[in-house]
Amino acid sequence: MATATSPDIPQLARLSGLPGKLPRRDAAARAHLEEVGRHTRPVSLAHERALELGPSLAALVPRGTLPRGSVVRVAGAPGAGVTTLGLELAAACTRAGEWVAVVDPAGSFGALAASEAGVALERFAVVRRVPPARWASVVAALIDGVSLVLADLPPAGAGGVGGVGVADARRLVARARERETVLVVGERWPADAALTLHARGSEWDVAPDATGEVHHLTERRLHVHAEARSGAREGWLARAG
Amino acid sequence: MIEEPARTAALRCPDWPVTAARRREPALVGVPVAVVDRGQRGLRVVAASAEARAEGVTRGLRRREAEARCAGLVVLDVDEAGDARAFEEVARAVEQHVPRLVLHEPGALSFATRGPSRYFGGDDALAQLVVEAVAGLGITDATIGIAAGVFAAGLAASRSLVVERGETVEFLATWPVSVLAGPVEASYGDGAALVDLLARLGLRTLGDYAALPESAVAARFGPPGLLAHRLARGEPGHEPLAREVPPELVETMELDPPATRVDEVAFAAKALADRLLGRLDAMGCCCTRVVVEAETEHGERLTRCWRHEGALTPSTLVARVRWQLEAWLVASDSGVAAPGATAADAADAADAEMVTGGLTVLRLAPDDVIPATGRQLGFWGGDPAAADRAGRALARVQALLGSDAVATALPVGGRTPLERVRWVPWGDARDSPSEAAPDGRSEAAPWPGAVPGPAPARVFDPPVPAALLDARGAPVVVSGRGEVSAPPVALDCAALPGGGGPLVAWAGPWAHDLRWWSQRRRRVLWQVVVDARADGRGQVACLVAVERGRAAVEALYD
């Protein structure tokens with residue numbers, strides 16, 4: 001399966017911002033500019049307001065787009081590819097020129113992986129050190145401002161179920177729908193979700209690099225199972241290292 | 001020890017829209033007048049004459065309420081261009097004595113007092129002179145205040161005080177915190193909410209607020225609170241730019257044929273303003289003052305410096321340029337005489353008219369350039385309104401959790417995934433990677449010894465303890481000479497599903513020695529792929545670090 005190519009936005013911005021350096025005018029730059037223009041064109045009709053996904057995920061989701069204001073649950077064991085799927089959604093959002101916020105109570109988010117997935121880091125804010133008691137109010141504040149929130153649920157606390165309560169979850173779902181923000185949550189989300197993506201596991205390749213000497217992790221094939229109200233689909237997401 | 005900002009004088013003409021209207025129509029003198037503007041909630045009073053205030057008409061009243069309180073009230077619509085035009089005369093009168101002024105808005109201007117004060121023999125003498133110069137135009141209610149810094153000078157002007165050198169902080173301490181609402185609103189928005197919060201916390205005066213430690217203010221209130229804190233302490237609101245700004249940031253436009261009407265120039269001036277702000281934004285800066293210069297076809301040069309409370313956005317910049325163009329182009333053919341002026345005064349005023357022809361060149365130069373913090377204007381691939389909304393939401397979360405809880409990532413050079421990201425707190429300036437190059441940590445060049453391959457999605461800090469075992473079940477160790485005991489065969493770790501399992505494949509080891517000069521601490525990194533197929537979960541890849549006899553999972557390729 002073809003990998004999703006991400007437009008090299010930081011590279012182009014750097015080229016056009018430096019004084020004394022002429023911008024590239026060749027066909028590749030023009031094609032790239034047209035692609036960016038296509039992604040940032042505002043959508044006019046209300047019922048067509050949806051987030052366009054990259055080619056690899058678009059095949060798994062009905063109509064190839066994610067309706068704004070919906071809740072996406074990404075489930076899977078640690079290491080199966082849950083964070084990668086979240087990053088693919090975030091990359092689709094920043095490609096359209098919009099903002100993404102991540103709530104990371106465990107403080108383990110790898111930002112370099114985000115940049116490799118195609119996320120524009122200047123529109124990607126990460127909130128760390130969130131006490132579990134404040135988690136819901138932080139997510140609510142972020143829903144008001146950005147277009148996509150990747151919310152890692154707080155880890156199970158002492159003497160409690162952990163995660164977030166049902167009432168809070170339902171309030172956040174309603175708020176996301178009202179503000180037309182996509183909310184991406186984890187497996188233990190107590191309320192309902194419009195789309196559930198199961199990361200069923202990956203297969204990794206260890207291969208020599210271009211020089212042929214050093215072996216390292218190269219390609220990964222992620223098995224994804226997508227469940228929506230209209231039905232379920234399976235597919236593979238391939239990412240090259 | 002931070003130096004006191006330069007001593008500044010601020011001249012305020014209260015209710016300037018009313019004064020300007022009276023200069024245009026002498027019949028309004030002595031009559032209660034109110035000027036209304038369409039705000040968010042209907043027609044509201046923005047300025048009222050002394051007679052109207054005596055009857056209870058204040059700013060912010062609805063038009064009908066004002067008319068009910070004061071019988072015979074004359075209500076006028078706001079005319080910003082006319083106010084700017086009328087204020088140009090005041091600016092010219094003050095300019096006779098003071099070389100460089102900065103206009104804030106029609107009705108307020110300020111200037112540095114170091115040179116003029118010395119020339120005229122003291123701050124009090126200077127203040128007296130300027131007030132008399134303005135009174136000579138027929139404006140008797142202008143007040144002037146002198147203190148260190150523009151913010152303090154504005155407050156001093158409302159009480160018509162000259163604050164002695166070194167006493168500015170004491171002077172500021174007695175003011176209520178409501179005066180901070182204006183500057184905070186202009187820079188970050190939501191100034192009234194911050195003031196409300198301070199009042200509810202029991203901080204009622206600037207002195208109370210200034211007494212708080214800066215770190216506590218930054219954690220609790222975020223960047224808007226920090227700005228207010230600096231102003232309350234008498235320090236300049238924005239930190240100066242630590243970087244050289246190229247002097248050629250001036251945008252010029254030639255007008256051919258010479259423009260004599262504002263609308264001919266206004267559209268082109270908008271393009272100039274957009275270009276200037278775009279170039280500043282590409283450098284990560286914004287300006288709070290702009291110098292508008294023009295040349296006429298007869299070779300006269302006109303300059304005016306305008307200031308805005310927060311950073312200049314395209315709309316505020318264009319508004320000021322438009323006001324200035326109105327003032328220059330239209331005033332020249334409407335010789336308005338001040339009420340009560342003699343014939344000799346009128347002749348003097350005619351001589352002082354500088355604009356005798358059309359404008360041929362228009363120039364905008366930024367002044368007082370500061371790093372653009374927080375309010376990024378979304379230059380590339382962003383909608384400015386969306387950036388604004390996101391910025392406000394992130395600032396609110398910062399106020400909840402502390403200013404370093406919200407950060408954006410900046411890729412820098414390094415060997416491990418943890419080192420290769422620098423977290424920049426929201427509101428701080430993000431230096432572009434090309435500017436990080438001078439100190440050697442450029443991301444573009446390959447970093448020797450870096451772990452190759454894709455970047456892991458989860459990076460554990462501190463690393464999770466694990467056990468990397470070889471074929472005999474003993475832990476894999478690294479000797480003092482950097483030799484590995486045996487190839488790894490299985491990994492046990494709490495962070496992995498099922499607690500770990502046998503390895504399908506591995507790559508490495510890569511040496512990552514730390515502080516080789518002080519202590520022989522040998523550290524190697526392995527990329528391992530654990531087979532968890534027995535659990536039905538496919539393969540899990542992670543980055544394991546082995547140091548002497550201990551292993552830990554540093555990152556998970558989730």
Side-chain angles (χ1 to χ4, degrees), chain A residues 9-10 13-14 16-19 36 40 77-84 87 97-99 101 107-116 120-130 134 137-138 141-142 144-147 200-204 206 209 214-218 220 223 239-241, chain B residues 246 282-283 376 380-383 386-387 389-394 396-397 400-402 405-411 417 420-421 423 426 430 432-434 451-461 495-497 504-507 527 529 532 535-542 555-558:
Chain A
I9 295 184
R14 220 183 307 148
S16 59
L18 279 176
V36 172
T40 57
V82 169
T83 317
T84 305
L87 288 178
E98 304 181 10
W99 286 71
S108 60
F109 200 79
L112 211 55
S115 135
E116 284 188 3
L121 289 180
E122 56 268 6
R123 289 195 291 284
F124 186 75
V126 178
V127 181
R128 302 172 295 167
R129 291 197 282 277
V130 184
R134 290 260 178 103
S137 36
V138 168
L142 291 174
D144 285 344
V146 302
S147 302
R200 288 245 189 267
S202 328
E203 283 170 14
W204 285 92
V206 174
D209 69 347
V214 182
H215 283 240
H216 62 89
L217 287 175
T218 49
R220 165 200 212 160
H223 184 198
R239 295 274 292 283
Chain B
M283 288 175 47
Q376 308 286 346
W380 178 262
D383 167 23
R389 230 179 44 224
R392 270 202 288 274
L394 293 171
R396 201 170 305 141
V397 175
L400 279 176
L401 301 178
V406 181
T408 51
L410 191 65
R420 285 170 71 183
V421 172
W423 292 103
W426 177 256
R430 274 171 68 97
S432 61
S434 59
V451 176
R458 290 276 163 192
V459 178
F460 299 118
D461 183 24
L496 295 178
V504 169
W506 49 267
Q527 275 177 347
V529 181
D535 287 279
R537 290 198 188 97
Q539 297 168 352
V540 173
C542 49
L556 193 62
Y557 292 84
D558 191 1

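Within every chain, numbering begins at 1; the chains are lettered A, B, ... in the order of the sequence lines, protein sequences first and strands thereafter.
Pairing each heavy atom of B:Arg458 with each of A:Phe109, the nearest pair is NH1-N, 4.2 Å. When all heavy atoms of B:Asp558 and A:Pro78 are compared, the closest pair comes out as OD1-C, 4.4 Å. Residue B:Gln539 comes nearest to A:Glu203 through the heavy atom pair OE1-CA, 3.3 Å, listed as atom of the first residue, atom of the second, then distance. Across all their heavy atoms, A:Leu121 and B:Pro411 have their closest contact at CD1-CD, 3.6 Å. A:Trp99 and B:Ala387 make their closest contact through NE1-CA, 3.5 Å (heavy atoms, listed as atom of the first residue, atom of the second, distance). Closest approach of B:Ala407 to A:Arg128, counting heavy atoms only: CB-NH2, 4.2 Å.
Interface remark: B:Leu400 contributes backbone and side-chain atoms alike to the contact with chain A (heavy atom separation under 4.5 Å). For a residue to count as touching a neighbouring chain, one of its non-hydrogen atoms must lie under 4.5 Å from one of that chain's; by this rule B:Val406 touches chain A with backbone and side chain alike. In this structure, chain A has no heavy atom under 4.5 Å from any part of B:Ala555. The contact between B:Pro452 and chain A is made by backbone and side chain atoms together, counting heavy-atom distances below 4.5 Å. Only the side chain of A:Val206 has a heavy atom closer than 4.5 Å to any heavy atom of chain B.
Most heavy-atom pairs under 4.5 Å with chain A: of the set B:Ala457, B:Ala495, B:Ala393, this distinction falls to B:Ala457. Ranking B:Cys542, B:Pro417, B:Pro456 against chain A, the residue ahead of the rest is B:Pro456, based on heavy-atom pairs under 4.5 Å. Counting heavy-atom pairs closer than 4.5 Å to chain B, the top residue among A:Val146, A:Val127, A:Val126 is A:Val126. Contacts with chain A were tallied for B:Ala505, B:Ala541, B:Gly402; B:Ala541 has the most, counting heavy-atom pairs under 4.5 Å. Contact count versus chain B (heavy atoms, under 4.5 Å) is highest, among A:Ala141, A:Gly145, A:Ser147, for A:Gly145.
A donor-acceptor contact shorter than 3.5 Å is absent between the side chain of B:Thr408 and the backbone of A:Phe124.
Within the 4.5 Å cutoff, side-chain heavy atoms of A:Leu142 are placed close to those of B:Leu394.
Here B:Arg396 contributes atom CZ and A:Ser137 contributes atom OG; the two are 12.0 Å apart, rounded to the nearest 0.5 Å.
In this structure A:Arg134 satisfies the salt bridge (Lys or Arg N to Asp or Glu O under 4.0 Å) test with no other residue, sequence neighbours excluded. By the side-chain contact (heavy atoms from CB on, under 4.5 Å) test, B:Ala455 pairs with A:Leu112, A:Ala113, A:Glu116, sequence neighbours left out.
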